[in-house]
Amino acid sequence: MSRIQESVIIRTVVRIMVPFIELFALYVIIHGAGGPGGGFQGGVIFGAAIILYAMIYGIAEGKKRVSDALDRILASTGLTIYAGTGLLCILFGGMFLQYGAVPLIPDDPAKVSKYLIDLVEIGIGTTVAAVMISLFFDVSPPESEEGELPDYEGAD
Amino acid sequence: MNKLALFVVVITGLMLIYAGQDLPPFGDPDTAMYQHNMTQYFIENSESESGVSNIVTALLANYRGYDTLGETTVIFTAGMAVMLLLRRRER
Amino acid sequence: MIWVLDITMLFFLVVCAIAAISIKDLLSAVIILSGYSLIMAVVWVEMHSVDVGFTEAAVGAGITTVLFIATLARTEGRSED
Amino acid sequence: MTGILDVVYAEYNYWIYVALMMIGFYAMIAKKNLIKKVIGANIFQTAIFLFYVSLADITGGTAPILPHVHGGEHVEHAADVIYTNPVPHCLILTAIVVSVSTTAVALALIIRIYNEYGSLDEDVILAARKSLQPEFSEYARQKSVDEVSRQ
Amino acid sequence: MTGFDLIATHLPVLTVVIPLIAGFLTPIVGWIDRRLPWYWVMLATLVILLITLSNLATVITTDTIHYKLGGWNPPFGIEYVIDLLNGFVCLIIAFIGFMVAIYSKESVKKEVPGKTTQFYTVFLLLITGLMGMTITGDIFNFYVFLEISSLTAYALIAMGDRGDGVVASFNYLIMGTVAASFILLGIGYLYAVTGTLNMADMHNLLPDIYENKVVLAALAFFMAGFSIKVGLFPLHAWLPDAYTHAPSTASALIAGLMTKVGVYAMVRFMFSVFTPAFVIDVNMTEILTWAAALAIIVGSVFAIAQSDIKRMLAYSSISQIGYILLGFGLVNVIGITGGLLHIMNHAFMKCALFLVAGAVFYKTDIRNIYQFQGLGKKMPITTTVFLIAALSMIGVPGTVGFTSKWYLALGSIEADQWIFVAVILVSSLLNIVYFWRIFDNIWFGHPHEIENIKRDEAPLTMLIPMVILAILCVFFGFFSGYPIEQIFEPLATTLLGGVP
Amino acid sequence: MMVTEINSITPLLAVLVSMVASVLILASGKYPNIREGWTFVAAFIKFGLVISMLPLILKGNVITCTVVEMLPNLPIAFKVDAFGILFAITSSFLWIFVSSYSIGYMRSLKEHAQTRYFFCFAIALSSAVGIAFSANLVTLFLFYELLTISTYPLVAHIETPEAISSGRKYLTYLMIAGVSLLFSIVVVYHYTGTTEFSFAGIAGMDAIPQTTLVILFVTFMIGCAKAAFMPLHAWLPAAMIAPTPVSALLHAVAVVKAGVFTAVRVILYVFGVDLMRDSGIWLYMAYFVSITIILASVYALMQDNLKKRLAYSTVSQLSYILLGAVLITQHGITGGMLHIPYHAFMKITLFMCAGALIVTAKKENISEMNGIARQMPITMLAFTVGALGMIGMPPAGGYVTKWFLLLGAAELHSMILIAVLLVSAVLNAAYFFPVVYVAFFKKPDHELAYKEAPLTMLVPLVLTAIISIVIGIWPDAPGMFLDIVNIAVANVTGGI
């Protein structure tokens, strides 16, 4: 256990912050349609929230929140949402990813397009978040040496 | 080795500088790139066709949505690759 | 006089880049790289590409750095060159 | 006032990107430390992104976000607003993702290499590989094989 | 619109989307049952094989297929264009992919134990990447798929020999990143001067600005990038290690396909983005032919010096890539026909040879060719496949190797470059040298030990693809007339587009 | 003379029959009797198929068969003309004898890998007949390479390091030759757009610039290194390490004759009589092969190993054929072509005798053969017949071809060539008579009991000796070789 991980203040702050960061991530994903942001950025931020949690509370604790299996399924799910949307457009007679072809709201393909873009962004966000978490879990030191991660002062 | 590396880098740099002579000036709206009907089309039509006001998002998710699918796949691939490399074997 | 700021930042980019590849302590190098990314993000926002700037800040300065540091934690921190 | 300064600005921008590319490229091929190589790759790629973003920029332009975000009402945007070119932005968003993916894979490989050879230095790794699998000359290799099979 | 028509219209995109979806569903499939992914991959590759066949048939019988992704007209959206060239390359990818998929069952179990699910995921994604690179008509989309295929290749190679595989993969990654960055930069240059990303559009816009230095720089960066990707001679350093230390399945797939698609991309950029006239004008083709000739000789000579069979095959690949590029560099119809033919032929031969190397390794754990004694008795079918494929590499008539060599030699004479004829012929002799010592070891070494060796053949799933490839090596050695007249010659004429 | 083309698949069948047999041989490798049965059946069927085409050819027809369009404008096709069937009859007929002889030889010596041996033998025979029937250079090249590859295992058969290095030498020479041949074919195709043989030479060859033409001729001749003229002869003595039946059939008949056959095909059917004469190449080539004729005889004189001596004799004799072809007179070509079957029958007799000596008396060197005729009188009698033929003395067939060659040389008033032929005849006598003398008249070192080789070996060699005599005393029998050669010569010289 490093000093940072032992610090009560940091632990508390992180515990409080993480849900807010996650919320912000969701906002960024949805906000992509109208301003800076989008699925990718949101996904990274969401992933960062979990990573932050795992850094402070340890990988094992982090894996309790997002297990390996869940992670893998989420990564696949995000892509499935995306590609599924594309295939959905084919089913309704459009080209692959031709959002306007889906008769969700008649006579307003732009509106449909907006909703489907949001859906797609959510898909991207899911995959990106899941992969970022899995990347961190894989790259960071294995559980047996847990706690050495932020303790880097000794290395000059 | 270092000399060779330096040589390669300098060659590349010379190529970049060579190309730089004819690059369209930065910040100028009168370039072929900006005046190509593609850019103008996106600026004018992205809202009415995609329903989003962020043109970059419209491009990313709609006009070039397929690129983004590829991009997401790249991320997924990276995740899988790292998993393949660093995870322990399943029994 | 915003261009002065721009040029300063661009200059800093080069400085950061050289520092990142020449410093022997890898953690420092990684942190400098993170700083480099952050400056880059600001430059991009300054050039009106807010989305790219946003992404670079999240990825280059965020995730990439975390991954680098995690890697260093599992390997070693010094470099011979 | 803007004319000359813009030119300086634009030129300067270009030189910076060339310099950054060369620095990154040099690190990739000349540095012995694997982490340094990856850092170089990051710098190299970011320099190219800078080039793209510079291409997109229009002096006096605004970010390519249309101005009526939250209302939902369609407002005719003023004709005199110049938007920067959104296409390179879109491309670079994709490219950044690619860059971080490559970095992640590279780092994973580095961890594995370190686990195998206990070093991040290219020369040390090369030496270790040689000592683990001595490169026989063709003749010696064949001879040893012959001897083994003769026994 | 009936369901059949519906699918028929969307076949171009399904070529890429099916392996993509199959790829990211593989973890879920593997989660259900660890044995399922193999069947899943077989199914997916079989489906895309059928799709690519149908695509090529459509292109031959009717015309180039255009598919607008998202329904946006080019150049606003991304467009898929299937003409003869990429229709044919796609078919090769799907076919080799299917063959290697069949083969992989036992091999992966042995060489990548406990990670089969992830392995197959990456396997399918590699095919996705290669397909996407081939089929797309948009240069940035090309870059994205290039990166998918590269990342998957890094991962697959790293799965190989402990330690060595990882180092090889890392070196490849660094070189690959340089290559991809150069290509990205080239794309940026072209975009800066034309304002478009669509290949056809660019092809129309570029001739007006050929005196622009940026265009030349873009070409130079593309060529440098692709040269790294295909392992053209001075830039080949990553290739031998990568091919040698990857798992057998991955070696076969990567050696059979990666470089082919790289060559395809090179050709596509030279002829369909730029114009042949321009490429000839700036002497790029001449540089290419000389580099290729050098690669042919140096690759063969290095191959002779190897004792590890996979490393030998890797160097042989370097030399064979030289053949292909030589054909294209000659820029005449016959030479290009030869190059195109050799893309197909080399895919068959090299894939077969790597599969044989893998099968031998699977059974005996041997890769040193001087330990191959008695293998002819032990694994008769495998070694016969090796014989056929190796004879084909040498260019014995009646095998595919002869047909492409014939065209390349003829093309060289046509271009009045007699030296390249000599290069091709000398390299045939060098091929004989490095393959024949293996024949000697397999069939003629140490007779008294051979008598006691029992027959112990590789499992059926490994044998079937090898035998099919060997049969094709011979089949197309005799029946190349149809594909050449239907595909390669018209294609070569189209590619040259009026250049004398 | 009107030449009618007849379509038929018989040529294809004749080639394929031993291919099919080779597969069957491989499949029945565990049962030697069945395996050898296949060899015999195939040999007889093959000869039957070849001979069945003879009547049509003698009527002046040509049998064609296009198998497959390998590449556009580049078919794999067969065309049986008089010259082709001459070679095909020779090799397929002798296969029957050698099959019998092989069985005796291999079983007596209990050789290993007999399945591989018979397998490769069958394929080599296919290739030889394929070369004979090829309608164009590419088809010929296909079988030419196949012949090289399929004979390598036969040369390296005993698998000792020496055999393997000999095999490598063999392969090196022949593969370089193959590459050179391929180069020449490509050049011909480039200039003429076809590779198909034609009686008057390929149309368009005269458009090739003179320098290129000479280079082309040289590379073609390098490509025909199977004909073992000097300095590309070294592989032939090296290949004598192979089992004797292999030397007998392949290195006296199939392989070397394939080389000579190809050379003659190139000279007469690719370049054509007119072009050869106009370009003046023929004279240089004639002097060139003359050197081989003399020099190889001298080499033969120096050999003690009987098989090696025979090998050098082969080198010398093959150049007779080439000499005849490049004389481009009617008599010269007749003599050259006729020497293909004549030399085959005589030389195979000699080799089979040498093999019988190895198997029965375990003797390879001439110096050890004192009085061997007392032990093996029949064998040595056959040997004498062959030797007489080689020297050019009646009754064996050799004198017929020598006569024609001399006529051809005389027609050209070339004293040098006449002298070459006469000197070489003397040299032939000088290296064959000692063998006969040693065997019949020298006293054996120790007492020798009468012991001939097994019947499977003895019968073939006696038969070929008899045939050698028959073709010598009755060369112009209807339907015999001279008839066929006359038609072939009429074809290429335009029916003079």
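If you're wondering where the values come from, they're calculated on a predicted model, not measured in any experiment. Sequence lines set the chain letters: A, B, ... in the order given, protein chains first and strands last, and positions in each chain run from 1.
When each of D/Ile111, D/Thr103, D/Leu109 is checked for a side-chain contact (heavy atoms from CB on, under 4.5 Å) with D/Leu107, only D/Thr103 meets the rule.
Side-chain contact check for D/Tyr117 versus D/Val124: every heavy-atom pair is 4.5 Å or farther apart.
Heavy-atom pairs under 4.5 Å with chain D peak, among B/Ala58, B/Gly51, B/Ala78, at B/Ala78. For the options D/Ile23, D/Leu93, D/Thr94, heavy-atom pairs under 4.5 Å to chain B are most numerous at D/Thr94. The choice from B/Thr57, B/Thr68, B/Leu23, B/Thr77 that makes the most heavy-atom pairs within less than 4.5 Å of chain D is B/Leu23. Between chain B and the residues D/Ala56, D/Ser54, D/Ala95, D/Ala19, the most heavy-atom pairs under 4.5 angstrom are made by D/Ser54.
To the nearest 0.5 Å, atoms OG1 (B/Thr12) and CZ (D/Phe25) are separated by 4.0 Å. Taken to the nearest 0.5 Å, the CD1 atom of D/Ile125 stands 6.5 Å off from the CG atom of D/Leu120.
Within the 4.5 angstrom heavy-atom criterion, only side-chain atoms of D/Leu91, from C-beta onward, approach chain B. For D/Thr84, the part lying near chain B is the backbone, with the side chain staying farther off; criterion is any non-hydrogen pair under 4.5 Å. Of the atoms belonging to D/Met22, heavy atoms from both backbone and side chain fall under 4.5 Å from chain B.
Side-chain atoms of B/Arg64 do not come within 3.5 Å of backbone N or O of D/Cys90 as any donor-acceptor pair.
Nearest heavy atoms, B/Ile17 versus D/Val18: CG1-CG1, 4.4 Å.
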